[in-house]
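Here the structure is laid out as structure tokens; the discussion comes afterwards.
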Amino acid sequence: MGKNRENSFLAKCSYGFADIYGGGAFVVISTFFTVFLTKALGMSPALAGTIPLIGKVWDAITDPIMGNIVDRTSSRFGAKRFYILVGSIISAITFLLLWTNVGGQSAGGQYAFYVLMYMLFSTGFTIVMVPYNGLLPDMVDDYVKRGSFSGIRTVFSSLGAIIAGLVPTIIIKDNTNASQYFLVAVIFSIIFFVVILLTFLGTWEREKEPVNVPLKKSLVQSFTVYKSFSFKLFICIFLAGQGAADFVTGLAVYYVDDVLNAYSGGRFTIMMGVLLLAQFSGTIIFSIVMPRTSKKFPILVGFPVRILATIALLFFSYEGAPFAIILVLSFIIGLGMAASSVSIYAILSDMADVDELITSISRPGIVSGMATFIRKIATGLSSTIIGLLLMMIGYDETLASEKLRQAASTQAGITQLYVWAPIILMVLTIIFAIIFPMNKREFDIVKKEIARRKGEDSSKATDEEIKVCEKVTGFKYDELWKKENAVRL
């Protein structure tokens with residue numbers, strides 16, 4: 001029965017549902033939260049941009065601890081599924097609070113309120129996504145089947161991004177009206193609660209002995225995941241690849257509104273729809289292609305095409321530019337954006353196995369926690385950098401709240417940011433993907449070596465297998481599973 005459900009399309013969909021939340025929540029936040037603070041509430045963009053970064057500093061504490069808590073928990077539902085269930089309620093409530101209007105307070109009080117709300121939301125996101133990102137290794141062992149589950153997950157993630165990108169643009173007709181943002185928050189709080197609950201109901205989790213580690217050692221031991229050479233490169237891919245997407249979503253409103261002067265009349269909704277539909281289509285295409293190639297193949301193909309389309313935007317970034325051409329370029333960019341998500345989440349499911357080869361402990365929760373922490377760092381840094389760069393190019397929040405156009409030099413600066421920041425990050429992602437040492441062959445060798453060290457495989461490692469283990473982990477073969485690498489004290 002276990003093998004049959006691993007092949008079930010319904011099971012794959014059930015696993016993927018929660019990433020409507022994972023893929024959608026930060027699309028809403030990165031696209032509209034800074035806009036909500038600057039245009040609707042009149043907060044300085046530099047100040048508004050620091051709020052997500054403070055939330056990420058908070059995540060530096062909560063994510064590793066959450067990963068450790070998950071690996072130390074026993075539950076009849078399975079430790080990860082238990083926290084996914086709890087997190088479904090917390091996430092819905094904290095997302096709603098994030099968009100509550102307290103514009104009548106002093107500037108300091110307003111700032112403190114949204115810092116606190118962002119921290120609460122980040123905690124709710126952590127409670128769901130850390131166990132969720134670590135769930136697949138405890139559901140499925142097979143490399144190809146994991147890729148299939150990850151592919152379906154990224155389809156739902158893209159679907160979440162489409163919903164999160166389009167629904168707010170339909171509802172928020174006036175981006176200076178705070179009540180319209182709150183209505184969006186109510187809708188998404190309900191959606192997020194339902195999809196997370198569906199994942200809890202439709203997934204399973206193998207029983208295993210909890211990791212016996214004192215909680216006070218969580219932070220130190222969580223950072224031991226960086227012993228893995230593969231995980232270090234994965235983090236670089238994660239940061240640069242998702243950061244390239246964050247700059248697009250974070251600057252999209254400013255680009256369309258202030259540069260193209262095309263926010264009204266539904267054109268921003270159309271552009272976001274095209275961009276997100278392309279992401280959805282790209283996710284399906286790359287998910288089909290990836291099992292026949294490698295998990296880093298989508299990045300190596302999708303990003304070069306996306307770079308060319310992004311450069312082409314330079315020739316059409318002015319008021320009155322042919323909007324059809326911008327839509328075509330946005331579609332190509334969206335296809336490229338799908339590449340990083342498909343590759344990243346497929347690779348993540350294998351990082352716990354590399355970590356186990358080094359430490360002798362299976363701890364997908366901690367590995368997931370550190371990856372989720374990095375994802376949030378990327379989002380927080382991009383929001384902060386966007387806010388600071390907008391200030392540097394002369395963005396005037398007073399003009400914005402009064403629905404007036406920005407200066408010509410500021411418009412030109414927004415265009416340069418919208419084009420070149422993602423390109424730099426995409427180039428770095430391609431380099432990291434080329435260097436990344438794991439494909440199916442390497443994965444199979446890692447799993448075989450773990451079985452040897454557990455006494456489940458009596459064969460002797462060949463010279464080639466030894467070299468692969470050393471290349472993937474960054475350790476000498478004889479140093480793997482040494483006492484000082486282990487986290488069980």
Side-chain angles (χ1 to χ4, degrees), residues 16-17 19-36 39 99 154-175 177 180-181 183-188 190-192 195 242 244-287 302 305-306 309-310 312-313 316-317 319-342 414-415 418-419 422:
F17 277 131
D19 219 30
I20 291 177
Y21 167 65
F26 276 110
V27 170
V28 179
I29 291 170
S30 61
T31 305
F32 289 100
F33 189 59
T34 302
V35 179
F36 166 66
K39 290 181 178 287
W99 303 90
T154 51
V155 170
F156 279 99
S157 180
S158 294
L159 178 60
I162 289 174
I163 297 169
L166 290 183
V167 171
T169 65
I170 295 170
I171 295 174
I172 303 171
K173 300 296 184 182
D174 178 1
N175 57 29
N177 187 335
Q180 294 180 6
Y181 294 88
L183 176 58
V184 168
V186 171
I187 293 171
F188 279 99
I190 296 170
I191 292 174
F192 293 153
V195 297
Q242 297 300 82
D246 289 340
F247 268 91
V248 174
T249 55
L251 285 167
V253 173
Y254 298 98
Y255 177 73
V256 174
D257 195 8
D258 297 306
V259 176
L260 303 180
N261 196 23
Y263 186 87
S264 61
R267 283 177 291 181
F268 180 67
T269 301
I270 294 171
M271 194 191 89
M272 289 298 293
V274 168
L275 187 69
L276 295 166
L277 179 61
Q279 283 185 259
F280 184 72
S281 303
T283 298
I284 295 174
I285 294 169
F286 287 124
S287 296
V305 176
R306 180 182 161 190
T310 303
L313 281 176
F316 303 98
S317 295
E319 184 177 357
F323 201 66
I325 295 177
I326 293 173
L327 292 180
V328 171
L329 294 176
S330 296
F331 187 84
I332 298 172
I333 290 170
L335 288 174
M337 289 171 70
S340 60
S341 295
V342 171
I414 291 172
T415 298
Y418 191 69
V419 171

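Along the sequence shown, the residues carry numbers beginning at 1.
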Mind checking what makes side-chain contact (heavy atoms from CB on, under 4.5 Å) contact with [X], not counting sequence neighbours?
X	result
I162	L166, L276, F280
A164	V27, V28, F188
A262	V256, L260, R267, F323
F331	V274, A278, L335

Check: Please walk me through it: do I333 and L313 pass side-chain contact (heavy atoms from CB on, under 4.5 Å)?
Finding: CA-CA 10 Å; I333 290 170; L313 281 176; 3.7 Å; yes
To check you understand the geometry: which heavy-atom pair defines the closest contact between [X] and [Y], and what is its length?
X	Y	result
W99	A185	CD1-CB, 3.5 Å
G302	A339	CA-CB, 4.1 Å
I163	P168	O-CD, 3.8 Å
F156	G16	CB-O, 3.2 Å
P422	R306	CB-NH2, 4.0 Å
A252	M272	CB-SD, 4.2 Å

Could you check if a side-chain atom of [X] sits within less than 4.5 angstrom of a side-chain atom of [Y], using non-hydrogen atoms only?
X	Y	value
L327	M271	yes
M337	L275	yes
V35	I172	no
T283	S157	no

ring-ring contact (aromatic ring centres under 6.0 Å, His included) against [X], all qualifying residues, sequence neighbours excluded:
X	result
Y254	Y395
F247	none
Y418	Y255

Next item on the list: Could you name each residue pair satisfying salt bridge (charged side-chain N to carboxylate O under 4.0 Å, His left out) that touches residues 159-175, not counting sequence neighbours?
Entry: D174-K403
Next item on the list: Determine which pairs satisfy salt bridge (charged side-chain N to carboxylate O under 4.0 Å, His left out) with at least one residue from residues 19-36, sequence neighbours left out, and list them in order.
Entry: D19-R153
Check: What pairs with Q180 under side-chain hydrogen bond (donor to acceptor under 3.5 Å, both in side chains), at least two apart in sequence or on another chain?
Finding: none
Next item on the list: Identify, with sequence neighbours excluded, every residue that meets side-chain hydrogen bond (donor to acceptor under 3.5 Å, both in side chains) alongside T31.
Entry: none
Margin query: Checking the side chain of Y181 only, and the main-chain atoms of N175 only, is there a donor and an acceptor separated by less than 3.5 Å?
Written below: yes
Margin query: How long is the straight-line distance from OG1 of T34 back to CG of L251, given to the nearest 0.5 Å?
Written below: 9.5 Å
Notebook entry, point to check: When rounded to the nearest 0.5 angstrom, what is the spacing between CG in D257 and CD1 in I414?
Noted result: 9.0 Å
Notebook entry, point to check: Applying side-chain hydrogen bond (donor to acceptor under 3.5 Å, both in side chains), which residue pairs with at least one partner in residues 327-336 are found, sequence neighbours left out?
Noted result: none
